[in-house]
Amino acid sequence: MAPGTTCVIGGGIGLAIAYPVARTLVKTGHEVHAIMGARTKDLLILEDQFRELLPEDHIHITTDDGSYGEKGVVTAPLERLLQAKAVDEVFCVGPVPMMKFSTLTAEKYGTPITASLNPIMVDGTGMCGCCRVEIDGKTKFACVDGPDFDATKVDWNDLRARQAAYRTEEGQSLKAYEEANCACHR
């Protein structure tokens, strides 16, 4: 069977994972569309690398604030590609809400979608349990069972809640870092 056409979606720093995935797919004979999403133009990464890899009409850029590319979210170009039957499968990596809504969009068209999850990981063996995710009603550990899963089987609400568990502590840590006046912060 000949390789198909894959849409690789990267949001924010998820583009750092999306690029090698897209590159590998191209090397193995797949046609690839890349949807690159960021909050602003200044936060868009790896654009030059994607442009060297793919034809211009296979690169779709969105920014939340409209400072570059199409104003809006990655699901708009994804929906257009799926409506046109331009892709056979989807791979997504980035913020949980982006992956959740990309999944809902792909499901609407019956298109398989894989999500690369990045929950908190501590030991990389699954023993600590921090990277626990619910996949098709079963507990999995992203560090050993993933990180790539059938996105239609991910419990997105549970994943989002788990990733927000340390939000208070993360805010306190950031504040302490910003207020620090030691040499290690200069």
Side-chain angles (χ1 to χ4, degrees), residues 1 3-26 28 30-41 43-47 50-51 53-119 133-138 140 142 145-164:
M1 180 177 197
T5 303
T6 304
C7 178
V8 175
I9 305 171
I13 60 171
L15 286 163
I17 302 300
Y19 175 72
V21 169
R23 184 181 62 212
T24 299
L25 288 167
V26 167
T28 57
H30 290 77
E31 181 179 345
V32 175
H33 282 266
I35 301 177
M36 305 171 65
R39 285 192 319 243
T40 68
K41 179 181 188 215
L43 296 175
L44 183 70
I45 62 172
L46 299 170
E47 179 183 2
F50 275 98
R51 290 195 184 282
L53 181 66
L54 302 173
E56 183 67 28
D57 66 341
H58 282 46
I59 296 173
H60 314 271
I61 297 173
T62 66
T63 52
D64 295 352
D65 67 356
S67 57
Y68 191 59
E70 178 179 342
K71 180 179 181 168
V73 294
V74 299
T75 53
L78 175 60
E79 181 126 30
R80 288 192 300 272
L81 289 169
L82 293 170
Q83 283 175 342
K85 298 183 186 330
V87 296
D88 304 312
E89 61 184 343
V90 180
F91 174 89
C92 65
V93 57
V96 170
M98 181 218 74
M99 292 190 292
K100 175 183 178 178
F101 288 102
S102 294
T103 300
L104 293 172
T105 303
E107 275 186 301
K108 189 163 77 171
Y109 293 90
T111 304
I113 180 167
T114 299
S116 187
L117 305 182
N118 57 356
V133 293
E134 293 298 314
I135 308 293
D136 201 21
K138 296 180 180 94
K140 300 286 184 180
D145 298 319
D148 299 345
F149 297 97
D150 177 341
T152 65
K153 309 251 188 248
V154 175
D155 183 334
W156 293 107
N157 295 330
D158 179 68
L159 180 58
R160 184 177 177 128
R162 288 186 54 72
Q163 288 202 309

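The CZ atom of R39 sits 9.5 Å away from the CG atom of D65 when rounded to the nearest 0.5 Å. Separation of atoms CG (D150) and CD1 (I113) is listed at 9.0 Å; rounding is to 0.5 Å. Distance NZ/K41 to OG1/T63: 10.0 Å, rounded to 0.5 Å. Note that CD of E31 is 9.5 Å distant from CG of L54, once rounded to the nearest 0.5 Å. Expressed to the nearest 0.5 Å, how far SG of C92 lies from CD1 of I35 amounts to 10.0 Å. Interatomic distance, M98 CE to D64 CG, rounded to the nearest 0.5 Å: 11.0 Å.
Closest of all the heavy-atom pairs between V74 and S102 is CG2-OG, 3.7 Å. Taking every heavy atom of both residues into account, K71 and G66 meet most closely at CB-CA, 3.5 Å. Residues M99 and V93 approach most closely at SD-CA, 3.7 Å, considering heavy atoms. Across all non-hydrogen atoms, the minimal contact from G4 to D88 is CA-OD2, 3.3 Å. Minimum heavy-atom separation, T62 to P77: CG2-CG, 3.8 Å.
Judged by distance alone, the side chain of T103 and the main-chain N or O of T152 form no donor-acceptor pair under 3.5 Å. Judged by distance alone, with hydrogens and angles left aside, the side-chain atoms of T6 form no donor-acceptor pair with the main-chain N or O of V32 at under 3.5 Å. A donor-acceptor distance shorter than 3.5 angstrom exists from the side chain of W156 to the backbone of A151, with no hydrogens or angles considered. D145 places no side-chain N or O within 3.5 Å of a backbone atom of K140 that could act as its donor or acceptor partner.
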Checklist entry - Can you list the steps and then say if I135 with V154 is a side chain to side chain contact (heavy atoms under 4.5 Å, CB included)? => result CA-CA 5 Å; I135 308 293; V154 175; 3.6 Å; yes
Checklist entry - Would H58 and F50 satisfy side chain to side chain contact (heavy atoms under 4.5 Å, CB included), going step by step from the backbone distance to the final call? => result CA-CA 10 Å; H58 282 46; F50 275 98; over 6 Å; no
Item to check | Check against side chain to side chain contact (heavy atoms under 4.5 Å, CB included), I61 and L44 | outcome: CA-CA 9 Å; I61 297 173; L44 183 70; 3.9 Å; yes
Checklist entry - Which is it for V90 and L78 under the side chain to side chain contact (heavy atoms under 4.5 Å, CB included) test, yes or no, and what are the steps along the way? => result CA-CA 9 Å; V90 180; L78 175 60; 3.9 Å; yes
Can you give me every donor-acceptor pair (side chain of residues 9-26, partner residue at least two apart or in another chain, under 3.5 Å) with its distance?
{"from": "T24", "atom 1": "OG1", "to": "P20", "atom 2": "O", "distance (Å)": "2.9"}

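Of the N and O atoms on the side chains of D148 and S116, at least one donor lies less than 3.5 Å from an acceptor on the other residue.
Annotation: F149, atom CZ; neighbour count of heavy atoms from other residues, nucleotides and ligands within 6.0 Å is above 12.
The side-chain heavy atoms of H60 and M36, taken from C-beta on, include no pair separated by under 4.5 Å. The side-chain heavy atoms of V133 and D158, taken from C-beta on, include no pair separated by under 4.5 Å. In this structure, the side chains of L159 and P119 come closer than 4.5 Å at one or more pairs of heavy atoms. By the 4.5 Å heavy-atom criterion applied to side chains, Q163 and N118 are counted as neighbours.
For residues 74-86, the side chain to side chain donor-acceptor pair (under 3.5 Å) pairs, not counting sequence neighbours, are E70-R80, E79-K108, E79-Y109, Q83-Y109.
Contact check on E134 versus K138 returns no salt bridge, with no Lys/Arg side-chain nitrogen under 4.0 Å from an Asp/Glu carboxylate oxygen.
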